[in-house]
Amino acid sequence: MKKTKALLLDVDYLKGKQSIIRLFFKTPSGKIILSDPSFEPYFYITVNCAPEDAVKKLLESEFNGVRIKRAEIVEKTLFGEEKAVKAIKLIFNSTKEVKDSREEIREQEFVTHKREYDIPFVKRYLIDRDLEPLAMYEIEYDEKTLELKGIKKIESSNELAKLKIGSFDIETYSRGRFSDPKKDPIIMASYVDDEEKVVLCTKEIKVPYAIKVKDEKELIEALIRKIKEKDLDLLVTYNGDNFDLPYLKERASQLKLKCDIGLDGSEPSSVKKARELATKVHGRPHVDAYQLLRMLVRFGVVNLVKMDLESVSAALFNEPKEKIYAEEINDMWDNNRELERLAEYNMLDSAVAYRIAMTYLALFIELGKLVHYTIFDVTRSSSSQLVEALLMIEAYRENILVPNKPSDAEVKMRVMQSYQGGFVYEPVPGLHENIAVLDFTSLHPTIIISHNVSPDTLNCNHEDCKAKNSSPLKNWFCTKKRGFVPKVIERLFKERVAIKRSLKSMQKGSQQYILADARQHSLKIILNSFYGTLGYARFRWYSRECASSITAWSREYVQMVAEEAKKAGFIVIYGDTDSTLLKIPENKKREDVLQFVESINAKLPGVMNLELEGFYKRGIFVTKKASEQAAKKKYALIDDNNNLKIVGFEYVRRDWAGIAKQTQRLVIEAILKDGSPEKAVDIVKQKIKELRSGKTKKEELIIHSQIKKDINAYESIGPHVAAAKKAIAKGRDLGERSVIGFIITKCGKSISDKAQLAEYVSEGNYDAEYYIKNQLIPAVIKIIGEFGYDEDDLIEGGKQANLKAFS
DNA sequence: TAATTCGCTAGACCGA
DNA sequence: TCGGTCTAGCGAA
């Protein structure tokens with residue numbers, strides 16, 4: 001028996017007759033792979049007869065060819081019920097046996113429920129054993145059998161926690177089509193980590209980091225050797241899930257090589273996830289920086305116009321990077337032209353992927369620890385999976401059997417039943433001076449906590465709960481028993497508050513700070529996901545009543561703030577869901593706002609809290625394009641330091657041309673900062689002139705829009721779809737989720753006819769009238785219009801403006 | 001097997 | 001050629 005400190009790198013299981021959990025550890029004396037045969041696949045059923053009789057019957061029969069290995073009678077509570085019941089835990093040799101037999105077992109006439117029959121084996125293990133991947137443990141194991149005998153979490157302050165991370169990227173050669181690993185070779189590969197960068201190539205390249213290899217076989221061997229020699233803890237790629245890793249594996253196989261980069265000497269294995277692949281390297285978790293960014297975009301952590309490495313590098317790191325398309329790579333290769341440029345491109349792909357991973361890894365590690373997911377799983381999961389994982393951990397601790405996933409029919413029913421969301425106040429259009437913005441801090445989570453909103457506290461049997469804690473929709477929530485969902489949310493919420501407090505005394509940029517910040521950030525992401533998932537049709541704990549009660553309360557609270565503000569002598573300009581914008585009248589001071597906030601907080605229940613987001617010296621609201629009605633979700637503010645806050649305007653949208661967006665920003669600035677609509681008009685006139693001259697740069701004319709479904713499924717062919725179709729005809733690989741950057745050219749009849757992918761358009765080929773009439777003017781007219789100007793003033797000028805906006 | 005609803009706008013599409 | 005309707009996308013919260 002041996003004891004050691006160890007970092008839990010990865011967990012998987014061996015398939016076959018017996019499913020056996022494997023744990024990959026990093027210890028002070030190297031890496032080890034241990035197994036835990038003590039953990040077996042299982043699920044639960046409840047029965048309508050004596051459980052002992054049921055067990056006897058079950059063990060005597062076969063179900064779809066499967067014999068149950070063992071059965072235990074256990075006390076469990078079905079989620080939402082008061083009392084524990086006797087349930088039967090059915091234990092099997094393999095996950096396949098569970099899959100094969102669960103339907104038939106459920107169909108036995110004495111079986112009333114089946115539960116937890118679809119929890120993936122590794123996730124099940126991490127829940128039941130209370131293990132957090134990438135945390136530090138004191139482990140005990142049998143040196144002969146390599147079986148895990150004991151494991152205990154310890155606080156880490158160890159060198160082991162420093163992970164060895166490396167990134168790679170490949171370039172392929174294919175003439176005139178998308179590369180096919182069965183035929184098309186890898187011509188170049190790069191590898192980057194914290195201490196070196198290398199480009200492997202079958203041709204001689206005159207850059208210091210290039211290494212010449214004899215042929216493709218040697219190239220692949222060298223790359224595989226590199227990954228193994230470095231003994232990477234994590235392997236990083238950019239889109240390695242669907243391209244680099246499957247491609248490398250297939251090329252290796254074509255050349256009779258083994259792509260044995262797994263810690264156990266195994267090859268990468270791809271699994272279908274949603275519509276795409278996720279590619280695993282056993283024991284050496286593969287982090288696909290592209291997947292990681294997609295999650296961050298979904299969570300609203302980053303905002304990216306496009307997801308290719310060039311756009312990402314520019315947007316996140318302010319480092320421009322050249323894009324070389326496949327067509328050109330083939331050309332360069334054939335003609336031995338500019339191979340240095342190609343090598344640089346290849347190397348930077350690895351370097352940027354590496355940097356993305358290093359920037360966000362701490363966040364994902366914390367997220368993984370929080371929900372007990374491996375780093376592989378947590379970097380590829382959805383909001384609902386994270387929330388579900390967290391609730392599953394809680395359910396296990398409380399001996400509760402979790403609800404099943406809904407059937408497709410149930411999902412359809414749920415989707416049809418929508419519910420009302422947040423309240424949006426109709427703004428007062430025009431220019432406003434001296435504004436205060438108030439926000440509810442974490443509105444939805446705090447409503448859940450403070451009103452105990454949970455599927456298991458909904459409409460309890462107590463009359464006084466109904467009297468004391470009814471939502472405006474007349475659903476009520478128990479006040480005597482803590483709800484399952486609020487209990488979890490409150491724990492996270494309180495931990496986050498505590499961390500945020502402790503952050504203030506830490507040194508920014510220190511290891512301690514980075515870790516704590518990542519932790520609070522991961523808590524924030526999960527906290528913000530709860531409300532949405534309660535209204536998500538496929539969620540195990542779906543509750544339309546809970547979701548709609550939360551929004552009903554939110555409407556009530558935000559409207560209460562507006563009412564009280566009016567009573568207190570403020571003027572309410574606008575509000576949306578959790579925010580209220582007040583105009584501070586002449587006879588009031590900014591301190592009065594703080595006092596008002598305090599007076600509201602005195603009335604709010606539980607942990608609910610209103611806070612001052614900030615003061616702004618000026619702000620503008622506009623009317624809608626098609627009417628004189630005020631536009632919601634569109635406004636701009638400026639603070640005392642002349643910082644602009646632009647919300648909802650074209651300026652923040654990717655589907656508007658840069659020329660229109662930048663001009664709009666200048667117009668807003670002229671009005672809010674300089675108080676000069678005249679200056680704004682001049683700016684617009686100048687830009688119109690520039691567009692008419694034909695000198696506007698291509699870069700400023702690009703409009704971005706995403707292909708959101710199969711390119712052939714469109715009923716209405718908009719410009720971005722038209723541009724994409726033309727590009728596809730030329731051989732470009734564009735599909736669902738591609739972001740199309742297009743320009744409206746001079747050539748064609750309709751707007752869609754004129755739309756072309758930006759890369760194919762030469763400087764100066766643009767439809768100036770389109771950009772003036774459909775981009776520039778719409779972006780500014782409603783703003784300038786607030787000061788009495790109209791379109792003619794922009795095109796010809798000279799007309800006298802009346803100052804209607806100054807009311 | 002990708003958290004929610006609310007809101008604005010462009011441009012295709014279609015029929016008069 | 002027009003005006004109304006519908007599809008589609010993106011952002012706010």
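The figures that follow rest on heavy atoms only: side chains count, while hydrogens, waters and symmetry mates do not. Lettering of chains follows the sequences in order, A, B, ..., and the numbering in each one begins at 1.
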Separation of atom [atom1] in [X] from atom [atom2] in [N], rounded to whole Å:
X: A:Tyr635; N: C:dG11; atom1: OH; atom2: C1'; value: 12 Å
X: A:His704; N: B:dA10; atom1: NE2; atom2: C1'; value: 17 Å
X: A:Phe423; N: B:dT4; atom1: CZ; atom2: P; value: 24 Å
X: A:Tyr651; N: C:dA12; atom1: OH; atom2: C1'; value: 17 Å
X: A:His720; N: B:dA12; atom1: NE2; atom2: P; value: 12 Å
X: A:Glu736; N: B:dA2; atom1: CD; atom2: C1'; value: 12 Å
X: A:Ile119; N: B:dT1; atom1: CD1; atom2: C1'; value: 15 Å
X: A:Ile717; N: C:dT7; atom1: CD1; atom2: P; value: 14 Å

Tell me whether the OP1 or OP2 atom of [N] has a side-chain N or O from [X] closer than 4.0 Å.
X: A:Ser382; N: B:dA3; result: yes
X: A:Gln706; N: C:dC10; result: yes
X: A:Tyr714; N: C:dA8; result: no
X: A:Lys405; N: B:dT1; result: yes
X: A:Ser418; N: B:dT5; result: yes
X: A:Lys632; N: B:dG7; result: yes
X: A:Ser384; N: B:dA3; result: yes
X: A:Lys624; N: B:dC8; result: yes
X: A:Asn774; N: B:dG11; result: yes
X: A:Tyr770; N: B:dA10; result: no
X: A:Lys633; N: B:dT9; result: no
X: A:Tyr425; N: B:dG7; result: no

Legend entry - A:Tyr574 ring center near A:Tyr635 ring center (under 6.0 Å): yes
Legend entry - Any N/O donor-acceptor pair, A:Arg654 side-chain to C:dC10 base, under 3.5 Å: no
Close N/O contacts between protein and nucleotides 14-16 of chain B (under 3.5 Å):
none

Using a 4.0 Å heavy-atom cut-off across all strands, classify [X] as base, sugar-phosphate, or nothing.
X: A:Arg380; result: nothing
X: A:Lys708; result: sugar-phosphate
X: A:Ser529; result: nothing
X: A:Gly421; result: sugar-phosphate
X: A:Lys634; result: sugar-phosphate
X: A:Trp656; result: sugar-phosphate
X: A:Lys709; result: sugar-phosphate
X: A:Ser752; result: sugar-phosphate

Say whether [X] and [Y], considering side chains only, have a donor N or O and an acceptor N or O under 3.5 Å apart.
X: A:Tyr616; Y: A:Glu613; value: yes
X: A:Ser311; Y: A:Asp308; value: yes
X: A:Ser384; Y: A:Ser382; value: yes

Inset, instruction - Report the residue from A:Tyr531, A:Phe493, A:Trp553 that forms a ring pair (Phe, Tyr, Trp, His ring centres under 6.0 Å) with A:His444. - result: A:Tyr531
Inset, instruction - Among A:Lys782, A:Glu650, A:Glu669, find the residue that satisfies the side-chain hydrogen bond (donor to acceptor under 3.5 Å, both in side chains) test when tested with A:Gln664. - result: A:Glu650
Legend entry - Sidechain N-carboxylate O distance under 4.0 Å for A:Lys633, A:Asp576: yes
Legend entry - Electrostatic pair A:Glu700:A:Lys661 at N-O distance under 4.0 angstrom: no
Legend entry - Reported CD1-to-CD1 distance for the pair A:Ile703 and A:Ile743, which is rounded to 0.5 angstrom: 8.5 Å
Inset, instruction - Write out all pairs satisfying salt bridge (charged side-chain N to carboxylate O under 4.0 Å, His left out) with one or both partners inside residues 527-552 of chain A, taking only residues at least two apart or from two chains. - result: A:Asp118-A:Arg540, A:Glu388-A:Arg540, A:Asp408-A:Arg538
Legend entry - Toward the 5' end of DNA chain B, by each residue's nearest nucleotide, A:Thr533 or A:Val424: A:Thr533
Inset, instruction - Just compare C:dA12, B:dT4, C:dT7 and give me whichever is closest to any side-chain atom of A:Glu715. - result: C:dT7
